[in-house]
Amino acid sequence: MPELPEVETIRLSLAPHLVGHRVVEVEARRIRLREGIEPETWRERFEGVRILALERRGKYLLAHAEGAVALFHLGMSGRMVLRRPEEPRDPHTHLVLRMDHGLEVRFIDPRRFGVAVVLRPEALEGHPGLGRLGAEPLSDGMHDVLRQAASRSRAPIRSVLLDQTVLAGLGNIYANEALARAGISPLRRARAISARRIGVLAGAVRQVLEEALEAGGTTLRDGGFVNASGDAGYFSVRLLVYGREGEPCLACGAPIRRRVLTGRSVFYCPKCQR
DNA sequence: ACTCGCCTGTCG
DNA sequence: CGACAGGCGAGT
């Protein structure tokens, strides 16, 4: 589900209720996610600790505490919400942190592609995935990172944008949307695109992420994404191509096309994007 | 560098 | 019933 703007939206809405507060009680179900939840480890390392910071790296959230770091990834269907203890729990609630102010942080993930593990700080960089993340797409250096990766890759440019070891945080929605704004076909081989046009793409990546962040993320029809308070994001009204197969391009009126590329849909305007 | 598998849920 | 879904990693 969530890409950088959604994860950052969750971070911002969660932080005031986590940072500076103590975890009073951990309730964890032993269950297989992308990495399994170990209830004993969670309780040993996280019960009673004070949260010092809530950080985002790519699509990961890190809750830093004294001697331990909770690492979360929301996969396709993960959510983190703040609720009062008496509120009924959603199905697929796998982890609950009761905080010293009385509210609960709940980790919910129906499809179980997510991650919710608690590590020792020294284990962070060795974590597969987290340790191999590329540049933050909103950082100053991202321009050059993208240009270099694109110049070396024979793959379609959409694959480069989804590669988390190049830029960390783009997913299928924003990769498609950035390419639409840059006027580049998602199918074009990366290294066949001029450095100038990659520069345009880098600017489009930044722009679409900043706009989506301002809108509080993208909530699709299914209502899957909400922030920690349960609010939907409203960037969906500004999507140019994603999920709009057959609908008219907002620039030229040509029908938006959908194709499957390495197992995942690409959406693009065949006239505006080359 | 692509294919498949991991899961559950929803939509046509 | 099949197709598909904001992700990712193992295997090839």
Side-chain angles (χ1 to χ4, degrees), chain A residues 1-11 29 31-37 56-61 71-80 90-94 107-117 126-134 137 149-150 152-179 186-191 205 208-209 211-213 215-227 232-236 238-246 258-267:
Chain A
M1 171 220 308
E3 309 178 29
L4 186 152
E6 289 74 36
V7 178
E8 182 66 10
T9 297
I10 289 174
R11 189 187 73 80
R29 295 173 58 190
I31 190 163
R32 285 179 70 91
L33 306 185
R34 202 170 90 213
E35 293 172 45
I37 290 185
R56 181 191 57 73
R57 289 192 204 169
K59 300 174 193 172
Y60 287 89
L61 275 180
L71 177 68
F72 298 97
H73 190 291
L74 302 180
M76 290 280 270
S77 59
R79 283 178 293 149
M80 291 186 79
D90 291 345
H92 311 291
T93 298
H94 305 309
F107 178 86
I108 305 154
D109 185 7
R111 291 182 71 182
R112 296 197 258 136
F113 294 164
V115 173
V117 291
H127 180 94
L130 182 71
R132 298 173 47 238
L133 289 181
R152 275 185 268 106
S153 173
R154 291 180 295 105
I157 185 64
R158 203 273 312 252
S159 304
V160 177
L161 291 179
L162 288 185
D163 185 342
Q164 302 297 299
T165 69
V166 177
L167 296 180
L170 282 179
N172 205 25
I173 293 183
Y174 299 111
N176 276 285
E177 290 297 311
L179 287 161
L187 310 167
R188 173 134 303 194
R189 278 168 182 269
R191 69 182 190 191
V205 166
V208 73
L209 292 179
E211 281 181 30
L213 209 38
T218 299
T219 301
L220 270 8
R221 250 197 291 269
D222 64 6
F225 166 72
V226 287
N227 70 13
Y234 50 89
F235 191 72
S236 56
R238 282 194 267 169
L239 296 176
L240 299 182
V241 291
Y242 187 85
R244 297 191 65 241
E245 180 183 15
R258 182 180 85 88
R259 290 189 41 177
V260 175
L261 179 65
T262 67
R264 315 194 61 193
S265 293
V266 287
F267 297 91

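Just so it is clear: chains get the letters A, B, ... in the order the sequence lines come, proteins before strands, and each one is counted from 1.
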> Which string of ( ) [ ] | and . matches DNA chain B, if you list each base 5' to 3' and count Watson-Crick or G-U pairs only when both distances are under 3.5 Å?
Replying inline: ||||||.|||||
Atom-pair distance ([atom1] on [X]; [atom2] on [N]), nearest Å:
X: A/Ile173; N: C/dC4; atom1: CD1; atom2: P; answer: 17 Å
X: A/Leu130; N: C/dG7; atom1: CG; atom2: P; answer: 17 Å
X: A/Leu239; N: C/dA5; atom1: CG; atom2: C1'; answer: 15 Å
X: A/Arg57; N: C/dC8; atom1: CZ; atom2: P; answer: 16 Å
X: A/Met76; N: C/dA3; atom1: CE; atom2: C1'; answer: 13 Å
X: A/Glu6; N: C/dA5; atom1: CD; atom2: P; answer: 16 Å
X: A/Ile157; N: B/dA1; atom1: CD1; atom2: P; answer: 12 Å
X: A/Leu162; N: C/dG7; atom1: CG; atom2: C1'; answer: 9 Å

>> How close do A/Pro2 and A/Gly75 get, counting heavy atoms only, and between which atoms?
In response: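 Taking every non-hydrogen atom into account, CD-O, 3.0 Å.
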> Which heavy atom in A/Phe113 sits nearest to a heavy atom in A/Met76, and how many Å separate them?
Replying inline: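 Scanning both residues completely, I find the closest heavy atoms to be CD1-CG, 3.7 Å.
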Applying a 4.0 Å non-hydrogen cut-off, can you work out what [X] is touching in the nucleic acid: base, sugar-phosphate, or nothing?
X: A/Pro5; value: nothing
X: A/Leu33; value: nothing
X: A/Arg258; value: sugar-phosphate
X: A/Gly114; value: nothing

>> Quick check on side-chain contact (heavy atoms from CB on, under 4.5 Å): which of A/Met80, A/His73, A/Glu8 does A/Leu61 satisfy it with?
In response: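 Running side-chain contact (heavy atoms from CB on, under 4.5 Å) over A/Met80, A/His73, A/Glu8 with A/Leu61 returns exactly one hit, A/Met80.
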> What orientation do A/Phe107 and A/His94 show, parallel under 30°, tilted 30 to 60°, or perpendicular over 60°?
Replying inline: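 Tilted.
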> Can you tell me how far the CG atom of A/Leu170 sits from the CD atom of A/Gln164, to the nearest 0.5 Å?
Replying inline: 7.0 Å
> Rounded to the nearest 0.5 Å, how far apart are CZ of A/Arg158 and OG1 of A/Thr262?
Replying inline: 4.5 Å
> A/Glu35 and A/Leu71: side-chain contact (heavy atoms from CB on, under 4.5 Å), yes or no, with the steps?
Replying inline: CA-CA 11 Å; A/Glu35 293 172 45; A/Leu71 177 68; 5.5 Å; no
> Using a cut-off of 4.0 Å between protein heavy atoms and nucleotide atoms, how would you tag nucleotides 5-12 of chain B 5' to 3' with B, S and -?
Replying inline: -BBBS---
With a 4.0 Å limit, can you tell me whether [X] has a side-chain N or O closer than that to the phosphate oxygens OP1/OP2 of [N]?
X: A/Ser265; N: C/dA5; value: yes
X: A/His73; N: C/dC8; value: yes
X: A/Arg264; N: C/dC4; value: no

> Which value, in whole Å, describes the distance between the P atoms of nucleotides B/dT10 and C/dC8?
Replying inline: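 Taking atom P in both B/dT10 and C/dC8, they lie 23 Å apart.
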>> As a test of reading the structure: which of C/dA5, B/dC2, C/dG7 is closest to the side chain of A/Ser159, going by heavy atoms?
In response: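 Ranking C/dA5, B/dC2, C/dG7 by closest atom to the A/Ser159 side chain puts B/dC2 first.
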>> Looking only at the side chain of A/Arg34 (C-beta and beyond, no hydrogens), which of the listed nucleotides C/dC8, B/dC2, B/dA1 gets closest?
In response: C/dC8
> Does one side chain, of A/Glu6 or A/Tyr174, offer a donor that lies under 3.5 Å from an acceptor on the other?
Replying inline: yes
>> Is the shortest side-chain heavy-atom distance between A/Leu4 and A/Val205 below 4.5 Å?
In response: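 Answer no - side chains too far apart.
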> For A/Pro128 and A/Tyr242, take the nucleotide of DNA chain C holding the closest heavy atom to each; which residue's nucleotide lies nearer the 5' end?
Replying inline: A/Tyr242
>> Restricting to salt bridge (charged side-chain N to carboxylate O under 4.0 Å, His left out), what partner residues turn up for A/Arg238, sequence neighbours left out?
In response: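 A/Arg238: salt bridge (charged side-chain N to carboxylate O under 4.0 Å, His left out) contacts with A/Glu211.
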